[in-house]
Each structure stands twice: as structure tokens, then as C-alpha cells.
Number of protein chains: 2
Amino acid sequence: MRRMTARPANTHQARLLRLLRDGGPNSRAQLGDQVDLSRSKLAVEVERLLETGLIVADGLAASRGGRRSHNIRLAPNLRFLGVDIGATSVDVAVTNAELEVLGHINQPMDVREGPVAVFEQVLAMAAKLKASGLAEGFDGAGIGVPGPVRFPEGIPVAPPIMPGWDGFPVREALSQELGCPVMVDNDVNLMATGEQHAGVARSAGDFLCVKIGTGIGCGIVVGGEVYRGTTGSAGDIGHIVAVPDGRPCACGNRGCLEAYFSGAALARDATEAAQQGLSAELANRLETNGSLSAADVAAAAAAGDATALDLIREGGNRTGQVIAGLVSFFNPGLVVIGGGVTGLGHTLLAAIRTQVYRQSLPLATGNLPIVLGELGPAAGVIGAARLISDHLFSPA
Amino acid sequence: MRRMTARPANTHQARLLRLLRDGGPNSRAQLGDQVDLSRSKLAVEVERLLETGLIVADGLAASRGGRRSHNIRLAPNLRFLGVDIGATSVDVAVTNAELEVLGHINQPMDVREGPVAVFEQVLAMAAKLKASGLAEGFDGAGIGVPGPVRFPEGIPVAPPIMPGWDGFPVREALSQELGCPVMVDNDVNLMATGEQHAGVARSAGDFLCVKIGTGIGCGIVVGGEVYRGTTGSAGDIGHIVAVPDGRPCACGNRGCLEAYFSGAALARDATEAAQQGLSAELANRLETNGSLSAADVAAAAAAGDATALDLIREGGNRTGQVIAGLVSFFNPGLVVIGGGVTGLGHTLLAAIRTQVYRQSLPLATGNLPIVLGELGPAAGVIGAARLISDHLFSPA
DNA sequence: CTACTTTCTCCACTCACAGGACAAAGACGG
DNA sequence: CCGTCTTTGTCCTGTGAGTGGAGAAAGTAG
């Protein structure tokens, strides 16, 4: 099937497409109220968009006391692919033009196997979603990778946990394979984008989105736009020094945040605690599973295990100390905590909150919500879909 | 005398005014090359600006092989007032429309005496500059204050070191007194603005400007625009925790950066060292002056005093550790070090560089210059003039 | 059937702007 | 001194985006 070929011809059309994406179907009159254009001009632009097939006018809305309006909506067959590549698993989802998730698959994977193997798996997952009848094809795809990206070109640069990806032209390669436009970004930035589009950060202008998974990263949003830094590594807070001359870290330095807290560090510390006989609960799980993960610690904590709770609290304290510094520096209007460890829930959140409210400036924390993300694993894929849709809904 | 009453009527005019401000006098043809407007349209806008008196056409430039061009320049009698209020002194300067400093006065002052007393002094200093013939009046004034500011209203909010200023309508009050438009910002932001306009940061898009004076602050520039945060306290890094559970700080917490390094901390540590007999050089100066300042430490260090050098190095290390964290987080393209302690020079810079290059991510530090500001005490007043000129050279 | 409301279309008019023709003013060679 | 070339600046007309009003279309309420 022939996919979306047209792009908005001007900023008015782009504006209209985004309104329809974010606000759902609308009449011409309602659109007119939002865009500050004369009805005549609006009608012209809508007509042109109808010609391109990007939007359709289907059926009439109920009357509101006068002539019934035509329902204008984005083409119902538009489909975006959202891909969120983590360190140990992939999420792939299909959305419609309104970025509603129609289907979502998660599979384990090892990012270190390199781009070729990973993309093979991603394409198979995409094919599976297609086969299930959710899409006839994709009009665009957004990809998140767990490392810094040279954004304009969509190429990972010097990613620590996925060395085989350095310099691999992700955007170009996937665009070729999928036959549609592709945009690539850091997974943390996409989580922030997702929470901004459909989650807790909907009304926030400047906010931070801390993702605690295998590692720790932070999405930075300034004035509604993701800030990526000079070389695309902004938000890479996992190796900020939390304790001067502290624990050795895998990166070669000492005292990095990730040496104290992250999915990996938590699993390691829990294993150690179990082996030292500090917690029967954890030892039990270790024996059953052969190894411990962050999820095990979460479960143990939920069961009331004191050691697990201590580990979470201590990690939260360290993380909170670092976030406190970032809050003083950046003065955000909101801090979102997300990622794989969200399962640790309110114990973690409480520890982080305590540190931030205690250490940051009162003026910066005065009215600062610190909350868990509300989209969970969907945040990344929604953010990815939003990324490509923002790109496609821009003047060509 | 009647001052500047007009404002640019549209973005084209604003653009032209800024070009003339930043690039100096120009012909219509040269302007046309820079603004991507047709000559006809350009001629119209220039004509209108000439009518308002914001620009003047004086004399003809030398021929470049054809008809001689008219020199277009900003009205030569335009004057901006730049005020930089520090903790212990004020800088006041007059600039022309091109933001060149025509006269600059510095006087000691205590910001804790409150806005009324301070403004009396500032107005006297402005009158002095006026009396010396540098200005017949001011077309606008920019003011920097050492604390957070609610920017749109120009009102300090909860400033720690100047409690008497909390909520004082600085912008409105000064605008009334001076009879011209006034803009207010944090002094650190203005230093960043100054270095961006006329200093080392001229070509930087995203950069940090760390000001080490009585306290420590950091100006954040994102995409060429100062980032102020949600409540105007962004960049307030003095009370970021450098050492968990470290030295007690005046703010009530422990281990704050300012407890380890700042003009005040350095003076205190030097006094202590002198009293403990660790340094003859410092003891000497203490006896002579009755007290020690950061400048004394700088002088002692310049004379080769080991204790002074150690103090600077140690402070630089602590500061560098904090900056390293910010560099990982923000991934700037440049870090500028400035403020009163610039006199500590390369000993300080070397310590900071060492820490940053050692602790931050290689990708973030790969091509990251860390340099001293080049404008010294003029940075703040130039930034202040730039602030008000940006405001006035915007469409009304 | 009339009065009123809301939605949408059509049309004439305005205005910003581009782009070319052209005038002004000088350099330079003969 | 004169023609030719170059650069600068002005004038004028055509075009296309956009506005705003008139009015048609399609309803509801009485």
C-alpha cells in the first residue's frame, strides 16, 4: 500500500495537523478558534490538506443548535512505529496518527549483540504487529537507543553500553528497511517526550525526567523542547560523582551515582546481602531464580523485607542527592521519575523527595512536584511516535 | 532632552537595529546582504527607522568601485545605563547604542542596606556619569542583582544574601526614578550575557558561565538565550552539596560548595591558615590589613606562597567536581569562569580543568573549552546594557 | 412557517513583498 | 573629456497571502 507521501506545505498546515493529533477530531469552526486565522484562510488550508489525504472529513457531528459541522480528523489509516531499545529488552508499538497505542510488544534482547542483530529482531516484531492487522504499513518510525545520539543524523556516538553501535547510521539503515522516514533519539529523551505528550508532564514547560533502569539518565525539557546538549550527551547523569573518592565504578572513576544505584547496582547489592545472610527473603529468591534482579528487590520490599527496603532507601537517598543538585541548578517545574525501577514505587520516591526537599534551595523546591511517570513502558514508544510525528508534521 | 520614544514596529526593524548594534555602521546594501529582504522592502523599513530617529544616515562611505553608500548607524546620542549590583560593590556604566562602554564607575557598597539606600547611591553614580558629559539622559537601563529575580516583573524573590530586597519592585521603582525603561536580571545571567555579547562566548550556543565572587552562581545559556528556570533561580549552584555530610554551611545544610569555596570562604580559610602560622606571607598581610580577602590570597599565590596556592587548588578542586557534574548533565559547548576571583587565574583554572576532564564523560569533555572570562568587571554592565537593548530593540 | 443560530463558502479588497527597470554616482581606461 | 562598467539606491508594478463581510446551507425552537 502507498503510505503517507505528503507533508504540510506551510506552518499553518503543520499547526492544524498537530492540533488534530493532540486534540482529536474537530470541526473547521473549532479549529478556527484555536489557530487565529480567518475562516476563509482556514478553509483553504483544510481543503489543501484534504487533497493531500493527510486529513479526512468523515460524517457530520451532532448539531449544537445550528448547522451540523463536518468532522475533520487525521487520516485513519496513518500508522507510526515506536521503538524503544533498552539495554536488555525492546519495546515496539504501533500508533495511529493521534499517537494512541494500538499494539505493543516487549521482548528480551541484548543490545550488545549489535545493530544488525537487534534490527532483525525489531523488524520481525514490526512485521508481527503488521500481520495482526493493526497496520498495512508505516508512515514513519521513531527509535530510542540507550546512549548519546548525534540527533540530526540519527547516529549513536560513543555509547558506553553499546560499543558496537558507535557511528552506525541507525536512521538511514532503518529508513531503508522500513521504507519510511525515521528519527532517532536517546531513550531517556523519548521517555520525557512521552510523558510530556500523554503523561504527567502534559502541562510542564521546563522539567526533568529521570529514568532509572539498567543505568540512570535524565531527559531535559526546556520550554517544551528536549534539550540534547552540544554533542547529544546532555542528561547523562549516571556517572556524576555522588560520593567523592567513593566506590569504584565500571567507568574507571570512583563514586559515580551508578555505582550506588541503578537496576544493575541494586541487583548486585541484593545478591551480596542475600549471600551474607542479611535477608531470608532475598536469599530465598536467589536460590529459586539463580540470580536477583531489581524486580526481586521490589517484590521483597513489597513483602516487607527490611533489607530490601533499606537498599531501596539508600539508593533513593544517593539518587536524591544528585537530583537535588540538578534541581538547584536547573530549577525545573516538575521532576518525573521513571524507568524499570518504577516498581520500587513510593519507597524510592519518598527517599528521593526527602533528599531533594532537604538539600535544594527553598525557592527551587517551593512548588516542585516530584512524581512517578504514569505511562510506564509505554512512555518510550509514545515518545518515539511523537518524535517522528513532530518531524512529519513540520513544513517540508 | 527628549529620549528615545520609538520602538521598532516589526521584526524586520528589530532585526536591523540589532544588526547595526552588533555589527556597527553599515550601508543599505550591506544590510540587505544580511537580512534576506528585497532592497525595496529594506529601503522602506530603513526609511521608517530614519523617521523615528532610531537610526541616522550620516555621510558617505568611501567608494568601493561604484556609487558611494550612505553610512547607516544607530542614533549616536542613544545611551544605555548598565548597573551591576554585587554583594559588596556596585558597577555603573554608560554605553552607546552599540553597547560600547563610554564610562564605568565602581564603588564599594553593602547590598544589605536595602534597595532604597543602594538606589540612592546608584542614582548618584549615574548622575556623575551624566555630569561628566557622557550622556544627556538614558534611553534604557539594565540592572543586575545578586539573587533570583522574577524576570517578567523585575522583582527579586527570596534572595538569600539581600533579604531586604524580597519583593521590592526594582524595575518599576528604577524606571520611575530614571524616567526610562528598565530590565532586571540576576547578576550571573548578566555576566553570561556580557561574555556572550562581547567576550569569550561570542560564538557559543549552549554554555555555562560560572561566577565566583562573594558567592558562586552559574549562568545557563541554551540556544543563545539565558535560561532562568521556573522560578528564576536556575544556576544557583552555591549550595549544591559538594561533600555529603561535609562542613556546615551558613544555609543550614552541610557540605555546600560555598562552604568550601567562594570569595568569602577563601578569605576565611586564609585567615585561619595565617593564624595557625602556616604561612608567613598571609600572616604578614593579615597584620598589615587587619583582615584578609580573596585578593590577598591571589597576591600571596602570585608571590609563590605555598599555602595560598594550596587553598586555591583545593577550592578549585571542589568547584571543579561540582562543575564536572553540571557538564555531564548539561553538555555545554563552553564553560566560562569569571567573577571576583578571576584574579586567582590559572592556578584556579587548572584545578577546575583537571577535575572536569577527569570526572565528566569523555563525549561531553571531548572538545570542551574551559576558559576565564575576558571582560572582567565589565561583563556585568555590558550584559545589563545588552539586556535592555534587546528589550528595546524588539517589536513594541 | 418564521426567527434565530451555527457552519461553511465565496468574493472583493488590503497589504506585504519580490523583482525588475532605472536613476544616481563613482572608478577607470582610452 | 567621454564612454563603459560597477555599485548603490529608488521607483513601480505584479503576485499571492490573508482579512472581513455577505450570504448560502443546514440545523433548532417556537
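Letters A, B, ... mirror the listed sequences (proteins, then strands); counts begin at 1. Just so you know, these numbers use all the heavy atoms, side chains as well, and skip hydrogens, waters and symmetry mates. Because the structure is predicted, anything quoted here is derived from the model rather than measured.
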Neighbour count above 12 (heavy atom, 6.0 Å) for B:E225 CD: no
Run the side-chain donor-acceptor check on residues 175-182 of chain B: report pairs under 3.5 Å with partners two or more places apart or on a different chain.
{"residue": "B:S175", "atom": "OG", "partner": "B:C180", "partner atom": "O", "Å": "3.0"}

Residues which pass salt bridge (Lys or Arg N to Asp or Glu O under 4.0 Å) with A:R67, listed by chain and number, not counting sequence neighbours: none
A:S132: side chain to side chain donor-acceptor pair (under 3.5 Å) partners, not counting sequence neighbours: none
Residues that B:D58 engages under side chain to side chain donor-acceptor pair (under 3.5 Å), provided they are two or more places apart: B:R73
Summary of protein contacts for nucleotides 20-30 of chain D, nucleotide by nucleotide, where a base hit scores B, a sugar-phosphate-only hit scores S (4.0 Å, heavy atoms): B---BBBBS--
Pair listing, side chain to side chain donor-acceptor pair (under 3.5 Å) test, anchored in residues 191-200 of chain B, at least two apart: B:H197-B:R386
Contacts of type side chain to side chain donor-acceptor pair (under 3.5 Å), residue B:E153, not counting sequence neighbours: B:R150
Presence of A:H12 side-chain N/O under 4.0 Å of D:dG18 phosphate oxygens OP1/OP2: yes
Under the ring-ring contact (aromatic ring centres under 6.0 Å, His included) test, residues paired with A:F138 that sit two or more places apart: none
Position toward the 5' end of DNA chain D (nearest nucleotide), A:E45 or B:I72: B:I72
DNA chain C-proximal residues of residues 26-35 of chain B, any heavy atom under 4.0 Å: none
Partner residues of A:S394 under the side chain to side chain donor-acceptor pair (under 3.5 Å) criterion, sequence neighbours left out: A:R18
Contact interval (first through last nucleotide) of DNA chain C with protein chain B, 4.0 Å heavy-atom: C:dC17 to C:dA27
Counterpart residues, ring-ring contact (aromatic ring centres under 6.0 Å, His included), relative to B:F207 (two or more places apart): none
